[in-house]
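No experiment lies behind these values; they were computed from the predicted model shown. All chains are named by letter (A, B, ...) in the order of the sequence lines, taking the proteins before the strands, and each is independently numbered beginning at 1.
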Amino acid sequence: MKFKKRYILLILYLLFLLMPIYWLMNMSFKTNEEILGQFSLFPETFVWDNYITIFTDASWYSGYINSLIYVVLNTIISLSVALPAAYAFSRYEFLGGNHLFFWLLSNRMAPPAVFLLPFLNFYSSIGIFDTHLAVALAHTLFNVPLSVWILEGFMSGIPKEIDESASIDGYSFPKFFVKLFLPLIAPGIGVTAFFCFMFSWVELLLARTLTTVNAKPISAVMTRTVSAAGMDWGLLAAAGVLTIVPGILVIWFVRNYIAKGFSLGRV
Amino acid sequence: MATIRLGQIRHAYGSGRTTEEVLFGIDQVFEGGQAYALLGPSGCGKTTLLNILSGLLRPTAGVVTIDDKDVTLLPPEQRNIAQVFQFPIVYENMSVYNNLAFPLRARKYSHAAMKQAIDRIAEVLDLTDLLSYKAGKLSAQYKQIVSLGRGLVRADVNAILLDEALTAVDPYEKWLFRRKLKQIHKQYPHVMIYVTHDQSEALTFADKVIVMNEGLVLQTDAPELLFEKPATKFVGYFIGSPGMNFLPVRREGVKLSLMNNHLCSLPAKISKVGGQAQAASRIDLKHIKNWELGIRPEYITLDLKPNKTTRNALRSANFKVKVMNVTQLGSTNIVKVIFAGHELLIKVTEATRLAETVYIGFPPDKICIYGDGVLIA
């Protein structure tokens with residue numbers, strides 16, 4: 001195939017984009033001495049030690065497990081709350097419906113730090129501080145509004161006659177919702193789950209503040225790696241690589257619908 | 001044989017100040033095994049009535065019964081009524097087979113019975129080759145046929161409601177599907193109601209045609225009667241192409257006359273024949289202010305010369321009129337004439353010879369008499 005000039009910019013763009021990720025991977029396979037000692041495009045002494053440490057040391061892998069637990073928990077809670085809400089917004093007209101719908105999104109406009117203090121104090125007083133549930137619940141404050149907006153967009157794309165038709169075909173509302181409606185908006189649910197997952201997975205401030213030991217997330221573990229022997233660069237890089245992996249996996253599953261998700265389900 | 005009855009059904013959309021009434025007390029009986037056509041101009045309440053029958057809408061007032069069981073408050077899934085909408089509704093994520101199976105699964109059909117029912121309907125509607133296709137990938141026409149199939153697949157339904165269900169189907173295939181619908185309907189004792197604003201569709205499809213306008217049922221009759229004896233002026237005008245001609249007539253005592261030609265005599269007390277006023281029955285003819293004669297464009301006789309052989313001036317072509325214009329419709333021509341200051345349309349065959357002035361007559365047996373817009377005789 002003939003090389004075309006217009007590819008040059010594209011290749012440069014890819015290069016710049018992949019550079020940090022490549023460097024992260026590069027570092028994760030090096031020893032600390034090599035990282036600090038010299039400039040090398042490839043690891044001269046290729047080691048798996050960093051990864052082995054993460055998968056064997058409980059203080060590291062429990063960070064991933066904790067993160068995954070509250071992220072999944074948060075995604076489940078957000079979806080189960082947002083699905084009925086989005087259905088109501090897309091199908092019924094009720095007093096103040098439009099205002100409520102918009103107000104929901106305004107929840108996302110406040111920075112998470114604003115809610116730090118109330119959450120900390122409230123969760124401590126009801127005794128769920130440092131649990132997975134605490135982080136999951138705190139994240140729903142941001143994920144539920146977004147989920148409602150995305151799902152509403154997808155649901156509004158399904159004509160109301162489908163509901164009526166199913167009812168005429170002999171399906172009660174719960175049966176219709178589970179057997180017909182959910183499969184119809186499956187892409188929407190997938191994209192919504194992706195957005196919930198990603199927000200919760202990368203959010204650092206609330207996750208770190210609302211946990212201490214039992215539910216300490218990986219992002220918090222990573223910020224506390226300064227030991228007596230100094231920074232453990234290689235270990236940190238390996239942890240970074242492993243943190244990107246779940247995101248890549250989730251994106252792969254919903255890759256065809258992400259654009260629609262970013263437009264909140266409105267094509 | 002399910003019989004569906006509507007008792008004084010009224011319906012209004014919205015609430016409070018923005019209420020919009022669309023149905024004004026509808027009494028109607030639908031008998032099993034009969035095909036009905038619900039005919040009326042757009043916005044007359046046809047679809048609303050249909051949705052009340054199927055349970056998608058709860059009427060503001062009135063009762064719906066199926067076999068004497070009150071179902072007014074029951075949701076659609078408990079009424080066992082099939083409805084096909086104007087626009088194709090398919091479950092896009094399912095195959096055509098699963099679309100057709102969907103209503104059967106809800107009724108817990110056995111696997112064998114389901115397959116048999118689907119194969120039968122797929123064969124009639126020519127969907128056999130498409131059964132494994134994803135419904136979302138079909139063209140609009142096939143989607144419409146699939147939704148039609150989903151409506152027809154259940155053999156045990158009380159009624160099948162078709163809301164202008166053939167809109168998305170190619171015009172030249174419409175008659176084919178209408179025939180298929182009739183063919184399917186003949187095998188089962190359910191009520192079939194076909195909503196349309198196309199009168200030729202209604203008149204060819206139905207055993208009985210229900211004409212609606214502005215939220216009221218004006219007439220329920222066989223297509224021939226609808227044509228020969230329209231219950232109100234609206235029905236006369238709405239059915240037929242072109243609609244019925246109307247001419248004011250004079251009443252002197254019990255005698256009605258047109259241009260000094262005796263039309264007929266009325267008894268002093270008469271009953272209105274048509275419309276919702278049937279129950280009001282006997283009224284004094286003095287209370288009726290406007291008397292009119294209605295005659296179909298097809299029935300007015302037309303000649304080039306006055307016909308003096310019969311005594312009856314109305315029957316023979318004896319009124320001299322001026323031809324205003326002629327519209328050609330292929331095998332027939334519509335002649336517009338001015339008769340005593342009123343426009344009349346006359347439908348004649350292409351072969352009929354015309355001149356600037358012609359002689360027209362009104363066969364007495366084809367004349368309908370209307371008092372204040374309602375059929376009297």
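- When heavy atoms are compared at a cutoff of 4.5 Å, B:F85 approaches chain A solely by way of its side chain, counted from C-beta outward.
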- Assess whether salt bridge (Lys or Arg N to Asp or Glu O under 4.0 Å) is satisfied between B:D170 and B:K174, documenting all intermediate values. CA-CA 6 Å; B:D170 276 349; B:K174 258 188 186 177; over 6 Å; no

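- In this structure, A:Y87 and A:F177 have perpendicular ring planes: the angle between them is above 60°, well past the 30° mark.
- Here B:K180 pairs with B:D126 in a salt bridge; the nearest charged N to carboxylate O distance falls below 4.0 Å.
- Proximity to chain A (any heavy atom under 4.5 Å) is shown, for B:V153, by neither the backbone nor the side chain.
- Contacts between A:A166 and chain B at a heavy-atom distance below 4.5 Å involve backbone atoms as well as side-chain atoms.
- Counting non-hydrogen atoms of neighbouring residues, nucleotides and ligands closer than 6.0 angstrom, the CZ atom of B:R5 reaches no more than 12 such neighbours.
- Atoms CZ and CD, on B:F87 and B:E164 in that order, are 8.5 Å from each other to the nearest 0.5 Å.
- Contacts of B:L56 with chain A are made by side-chain atoms alone, with heavy-atom separations under 4.5 Å and no backbone atom involved.
- With chain A as partner, the option from B:R154, B:Q78, B:E92, B:M94 having the largest number of non-hydrogen pairs under 4.5 angstrom is B:R154.
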